[in-house]
Number of protein chains: 2
Amino acid sequence: MKKKLSIHDIARELGVSATTISFVLKGGERGKKVSEPVKQRILSYIESIGYKPNPIAQNLRTGKSKIIGMLVEDISDPFFSAIGRIVEDSLYKSGYKIFHASTDNDTEKARNLLHLFRERQVDGYIVAPTPGIQKEILELLHEAKPVIVFDRYFPEIATTNVVIDNAGGAYTATMHLIENGFTKIAFVTLDSDQIQMSERLAGFNKAIAEANLESRCLKVRYKTSVQNLSAEIKEFISGYAGVDGILFGTNYLAVSGLKAIQDLQMIIPNDIGIVGFDDNSHFELFTPSITAVAQPVEQISKKIVQLLIKALSENDTVLTAKTYALPTELIVRESSVRNATFAVKTNMSKSETKL
Amino acid sequence: MKKKLSIHDIARELGVSATTISFVLKGGERGKKVSEPVKQRILSYIESIGYKPNPIAQNLRTGKSKIIGMLVEDISDPFFSAIGRIVEDSLYKSGYKIFHASTDNDTEKARNLLHLFRERQVDGYIVAPTPGIQKEILELLHEAKPVIVFDRYFPEIATTNVVIDNAGGAYTATMHLIENGFTKIAFVTLDSDQIQMSERLAGFNKAIAEANLESRCLKVRYKTSVQNLSAEIKEFISGYAGVDGILFGTNYLAVSGLKAIQDLQMIIPNDIGIVGFDDNSHFELFTPSITAVAQPVEQISKKIVQLLIKALSENDTVLTAKTYALPTELIVRESSVRNATFAVKTNMSKSETKL
DNA sequence: CTCGATTAGTAAATCGGTTTACCATTCAAA
DNA sequence: TTTGAATGGTAAACCGATTTACTAATCGAG
């Protein structure tokens with residue numbers, strides 16, 4: 001393995017200056033002013049030895065790292081890892097690399113991670129913010145760094161946000177339960193003020209109010225173990241006599257809730273109808289299969305990347321603060337639809353095609 | 001937001017040289033030789049303005065990036081994202097950041113990604129290798145970079161490997177099916193030569209041979225859509241009359257297989273017993289719940305980090321080539337155990353505690 | 001008292017690029 | 001013929017640290 005050559009080594013070898021080589025490689029205004037023969041000689045030599053400029057040196061001089069910092073709640077959560085995967089692939093294609101980090105929705109952790117990203121001079125940020133992180137986000141914007149906020153956002157600060165229609169999704173899901181004859185419907189959600197959760201609650205309440213039903217709600221402490229969540233939900237269901245339908249606010253709440261319902265030996269959907277927020281590839285295979293509000297993961301990812309790339313290329317233009325709320329899709333499966341054939345245990349064929 | 005100060009700004013401010021500051025910050029042999037008063041003055045000033053050395057400049061000068069490159073097959077796969085999460089957290093604590101990338105098991109892609117990592121001067125590599133990537137890994141070792149290979153490895157090259165006891169896991173799982181009265185057992189796996197898959201096959205065959213049964217095996221083309229996989233498995237089951245038990249080689253094969261079995265309206269475990277390789281938090285909630293060979297995700301991650309950190313700190317010591325094969329655990333659930341009560345659809349309480 | 005070693009500190013080179021400022025030519029217009 | 005603008009190129013500063021090599025001053029031993 002020969003020592004890596006620097007631009008100066010090449011300059012010496014070719015009898016030109018490093019400056020000229022740099023101009024040729026950058027192209028642009030100044031690159032045009034290099035004569036064709038010299039340009040060709042440089043390019044073909046570089047091609048032949050496979051020279052690539054050292055990105056760290058470039059970074060130091062220009063301040064551009066070609067790295068994006070991505071902050072999510074938990075990269076091992078299927079929703080975030082799906083988005084992470086698509087964003088990663090797209091950005092690599094544009095020559096960017098990614099620093100991932102998980103906050104666990106912990107403000108202090110998020111703050112530290114953003115500082116780390118900043119030290120490393122990342123060129124842009126993709127952030128699913130934790131509560132209380134507004135100031136830090138504003139600082140980034142103040143430094144004219146592109147920031148895309150997603151999954152949740154702060155209405156009070158002017159950022160570019162990519163989210164889903166949480167209220168609409170919850171409303172549609174609740175309406176669906178109502179239309180299927182469930183009347184004592186509860187919303188099981190997090191005890192959180194974050195906007196995605198409060199909007200889901202609002203959507204739920206709107207549907208409940210329109211149908212003149214009573215609003216039932218369980219707000220659990222944030223994301224403890226499945227065991228704890230399950231116990232809490234079990235207590236809620238048995239304590240709150242007569243719940244016959246549940247909309248779960250997140251995918252892991254749905255999982256914990258399903259376990260609770262199993263433990264209570266209740267039959268879905270006969271005893272209780274279920275809809276989850278955030279679909280999962282396994283929900284189709286559950287018995288009964290689980291109805292869910294699906295988030296358009298692909299679209300969310302593409303939108304994030306599109307906005308970010310645009311902001312990074314038009315380096316003078318600041319992102320316009322705007323909230324993009326993408327539509328959700330209710331994937332109706334067995335868990336929310338009462339019908340006669342379901343009383344018998346049988347694997348019925350699914351009509352849906354979407355996975 | 002004030003301009004970030006450099007070490008020279010501080011030097012000027014304090015009337016000392018940048019060299020001295022650098023020595024103080026590094027500590028070590030040379031740091032001892034700075035007088036106490038000067039040292040204190042520097043440290044307290046730095047503390048007061050919150051100075052942090054620019055890591056890019058450090059990187060350029062020292063060649064150390066404090067970044068680890070992590071190459072997995074697919075970061076959105078639950079197995080890899082779980083490992084990614086734990087590794088990430090641990091390495092951040094040690095001051096490292098991580099570049100993730102997904103190969104989709106594509107050799108060319110993996111090659112490019114490794115080159116990108118190398119250009120970026122990552123300090124170490126964590127790699128779930130694709131086929132045919134031996135040469136590139138050897139090159140990295142040749143540059144004296146720490147490389148931890150995991151999930152699969154190449155027996156022919158001397159690397160540090162963190163894997164699981166694939167043969168043992170498959171053997172135990174197959175034996176379990178045999179002990180539960182299944183006799184026409186098939187192994188549904190990938191058409192792949194990678195060692196993790198061939199060892200699983202070997203473990204399966206060993207158990208089958210010991211029980212004097214006939215070995216049945218379906219090797220599917222690599223990871224197409226769930227629809228395609230499902231169709232292929234369906235055809236296999238119906239075509240290969242009399243299969244009454246299946247060990248699935250990967251988690252997504254199990255999912256596709258379950259869909260196939262649902263479509264065929266077969267009853268698990270009465271008509272067919274099922275064991276999956278690689279557990280999933282949802283398997284407990286399926287009806288029936290799914291027996292699986294669980295990989296010790298936490299242990300794998302910790303081992304990877306431990307070996308890597310050790311190699312990074314003892315910067316002269318080269319990693320000893322060794323394969324660490326961690327034990328699997330068979331999580332027995334309903335899908336592989338025939339019993340009378342199961343004929344009736346009922347949610348039975350689980351005895352297991354593990355999730 | 002002198003020489004060598006230790007101590008405390010610094011100037012300058014370096015990592016590998018980019019960018020600014022400047023220097024010759026050449027060519028066209030006045 | 002002179003001037004002024006392009007043209008084609010380079011030298012040197014710079015980004016912000018680390019590291020090498022060197023200088024003074026002090027100290028202790030012979």
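The chains referred to below are lettered A, B, ... by the order of the sequence lines, with proteins before strands, and numbering in each begins at 1. Please read all numbers here as calculations on a predicted model, not as lab measurements. Hydrogens, waters and symmetry mates are skipped; everything else that's a heavy atom, side chains included, is used.
OP1 or OP2 of C:dT10 sits under 4.0 Å from a side-chain N or O of B:Thr20. At the phosphate of D:dG16, neither OP1 nor OP2 sits under 4.0 Å from any side-chain N or O atom of B:Tyr51. Considering only side-chain N and O atoms, A:Lys33 lies under 4.0 angstrom from the phosphate OP1 or OP2 of D:dT7. Contact annotation: A:Ser22 reaches the phosphate of C:dT18 (side-chain N/O to OP1 or OP2, under 4.0 Å). Distances shown here put a side-chain N or O of A:Ser17 below 4.0 Å from the OP1 or OP2 atom of D:dT10.
At whole-Å resolution of the value, NZ in B:Lys32 and C1' in C:dG9 are 17 Å apart. Note: CG (A:Leu5) to C1' (C:dC15) measures 15 Å, nearest angstrom. Between the C1' atom of D:dT20 and the CD atom of B:Glu29 lies a distance of 16 Å, rounded to the nearest Å. Between A:Ile10 atom CD1 and C:dG16 atom P the separation is 12 Å, expressed in whole Å. If you measure from atom CG of B:Asn54 to atom P of D:dC14, you get 17 Å, rounded to the nearest angstrom. In this structure, the CZ atom of B:Arg61 is 16 Å from the P atom of C:dA12, given to the nearest Å. Per the geometry, CD belonging to A:Gln58 stands 7 Å off C1' belonging to C:dG17, to the nearest Å. Taking atom CG on B:Asn59 and atom P on C:dT14, their separation rounds to 20 Å, with Å as the unit.
The closest side-chain heavy-atom distance from A:Leu307 to A:Lys322 is not below 4.5 Å.
For D:dT19, the base has a donor-acceptor partner in the side chain of B:Thr19 [N/O atoms by modelled type, under 3.5 angstrom]. Contact annotation: side chain of B:Arg30 to base of C:dG9, donor-acceptor pair present below 3.5 Å.
Looking at B:Arg118 and B:Glu139, no side-chain N of the basic residue comes within less than 4.0 Å of a carboxylate O on the acidic one, giving no salt bridge. Looking at A:Glu119 and B:Lys66, no side-chain N of the basic residue comes within less than 4.0 Å of a carboxylate O on the acidic one, giving no salt bridge. The pair B:Asp89-B:Lys93 does not count as a salt bridge, with every side-chain nitrogen at least 4.0 angstrom from each carboxylate oxygen.
Each of B:Glu36 and B:Gln121 was assigned the nucleotide of DNA chain C with the nearest heavy atom; the assignment lying further toward the 5' end belongs to B:Glu36. For the pair B:Val38 and A:Lys26, nearest-nucleotide mapping onto DNA chain C gives the more 5' position to B:Val38.
A donor and an acceptor atom, one from each side chain of B:Gln194 and B:Asp151, are nowhere located under 3.5 Å apart.
With C:dT10, D:dT18, C:dC15 as the choices, the nucleotide that has an atom nearest any side-chain atom of B:Phe23 turns out to be C:dT10.
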